[in-house]
Asks: 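Next up is a structure, given as structure tokens.
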Amino acid sequence: MRAVAFQEFGGPDVLRLIDTPVPAPGPGQVRVRVAASPVNPVDVRARAGVFGSMLPARELYVPGVEFAGYVDALGPEVSGFALGQPVIGLLPWLSDPLGSTAEYLVAAADTLAAAPSGVDLVAAATLPLNGITADLVVAELGPIAGRTVLVTGAAGGVGGYAVQLAAAAGAHVLGMAGAGDEQLVLSLGATGFIPRGTDIDTLRAQGIDAVIDAAELGAEVLPVVRDGGTFVAVLPPALPESERDITVTTVFQAPDGPRLTALVALVEAGTLTLRVAETLPFAEAATAHARFEKGGLRGRLVLVP
């Protein structure tokens, strides 16, 4: 099979299209024929060497943490899936860095979910990582009906889902993003829009009970939270020191089939919107990584075999 891989850390040019054996599913595993693999921050950071010594030693690494595809083979002790069934999933890439930019992969059956009906697999592939992250973040806030929640990076992948999930939970959602993203953010369910760069005093006047920091602004945005409120970071590096009895916390994503299945139901109900910016073939993975690093995307870049 073909796979996108890198043998050394560096820029997008270290990515290569290689031939490698098709993996065999073990007990409790499913082999998936990959149809789509989005580019994520974890992919470009891994390729650049940000995780360095955290990764197990290997001759090569295959990036890609989320995917959509078709069940190709079932390992022993697997039930609940059928050959040819469309599925989506998230991989535990840091512990097993053979990712989803490959024509085939194996994944634990309990980490998979049936793909949402009526949605093409390129779009469906964009749900697992950002959807699970946003769901964990919103759950971390506890009951939020009637509370005012600020979501930074509201036009992005995690931020967009967080806006929709928080709004569905009854929160008064303020979405922060670039000035040109106002209509997009409001269309996702935000009841108010905050242009990036708005001064702290103006924000504090909004009576913000909680912040979902999808843009990784960290300490820069903590002062807008009311005394005793909640601040949830998407990534640990953005975790600021607490002040004024504010609860400061973060979430850790992991493959979770049942949670993903629940998110699929929200897609099918129209609660969550899947956004694709562009698809590129595996052979253009370096181009996709370079484009991702430039930023400004309003939708996902997705690699296809």
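Worth saying up front: this structure is predicted, and the values here are computed from it rather than measured.
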Asks: Measure the OG-CG distance between Ser37 and Leu301 for me, rounded to the nearest 0.5 Å.
Replies: 11.5 Å
Asks: Less than 4.5 Å apart, any side-chain heavy atom of Arg2 and any of Ile18?
Replies: no
Asks: Does any N or O in the side chain of Arg244 come within less than 3.5 Å of the main-chain N or O of Val225, such that one atom is a donor and the other an acceptor?
Replies: yes
Asks: Of all the heavy-atom pairs spanning Ala115 and Ile88, show the shortest one and how long it is.
Replies: CB-CG2, 4.1 Å
Asks: Can you confirm whether Val78 sits close enough to Gln29 that some side-chain heavy atom of one is under 4.5 Å from a side-chain heavy atom of the other?
Replies: no
Asks: Pairing donors with acceptors under 3.5 angstrom, does anything connect the side chains of Asp199 and Thr202?
Replies: yes
Asks: Taking atom CG of Asp245 as the centre, report whether more than 12 heavy atoms of other residues, nucleotides or ligands fall under 6.0 Å from it.
Replies: no
Asks: What heavy-atom pair brings Val119 and Ala124 nearest, and what distance separates the two atoms?
Replies: CG1-N, 3.8 Å
Asks: Shortest non-hydrogen contact from Ala277 to Leu297?
Replies: CB-CD2, 4.3 Å
Asks: Are the side chains of Asp181 and Arg298 in contact, using a 4.5 Å heavy-atom criterion?
Replies: yes
Asks: Quick one: does Tyr104's side chain get under 4.5 Å of Val34's, heavy atoms only?
Replies: no
Asks: Taking the side chain as everything from C-beta on, heavy atoms only, tell me whether Ile212 gets closer than 4.5 Å to Val149.
Replies: yes
Asks: Against Leu260, only a single residue in Leu90, Thr111, Leu127 fulfils side-chain contact (heavy atoms from CB on, under 4.5 Å); can you say which?
Replies: Leu127
Asks: If we ignore hydrogens and angles and just use 3.5 Å, is the side chain of Thr152 paired with the main-chain N or O of Ala214 as donor and acceptor?
Replies: yes
Asks: What heavy-atom pair brings Ala285 and Val4 nearest, and what distance separates the two atoms?
Replies: CB-CG1, 3.6 Å
Asks: Using a strict 4.0 Å threshold on nitrogen-to-oxygen distance, state whether Glu278 and Arg291 make a salt bridge.
Replies: yes
Asks: I'd like to check Leu272 versus Leu165 (side-chain heavy atoms, cut-off strictly below 4.5 Å). Are they in contact?
Replies: yes
Asks: Decide whether Glu268 and Ser117 meet the rule of one side-chain donor and one side-chain acceptor closer than 3.5 Å.
Replies: yes
Asks: Do Thr230 side-chain atoms and Thr247 backbone N/O form a donor-acceptor pair below 3.5 Å?
Replies: no
Asks: Kindly indicate whether the side chain of Pro21, heavy atoms from C-beta on, has any atom under 4.5 Å from the side chain of Met1.
Replies: no
Asks: Hey, can you tell me if Phe9 and Tyr61 have their rings parallel, tilted or perpendicular (30° and 60° cut-offs)?
Replies: parallel
Asks: How far does CZ of Arg31 sit from CG of Leu83, to the nearest 0.5 angstrom?
Replies: 9.5 Å
Asks: Taking atom types as modelled and ignoring hydrogens, do the side chains of Arg45 and Asn40 form a donor-acceptor contact shorter than 3.5 angstrom?
Replies: no
Asks: Quick one: does any side-chain atom of Trp93 pair with a main-chain N or O of Ala46 as donor and acceptor, under 3.5 Å?
Replies: no
Asks: Taking only Lys NZ, Arg NE, NH1 and NH2, and the carboxylate oxygens of Asp or Glu, determine whether Glu8 and Arg47 approach each other closer than 4.0 Å.
Replies: no
Asks: Could you pull out the closest heavy-atom pair between Ala113 and Val264, with the gap in Å?
Replies: CB-CG2, 4.4 Å
Asks: Quick check: are there more than 12 heavy atoms from other residues, nucleotides or ligands sitting under 6.0 Å from OH of Tyr70?
Replies: no
Asks: Taking side chain as C-beta onward, heavy atoms only, is Arg226 less than 4.5 Å from Thr148?
Replies: no
Asks: Do you know which two heavy atoms are closest between Val185 and Gly175, and how far apart they sit?
Replies: CG1-CA, 3.7 Å
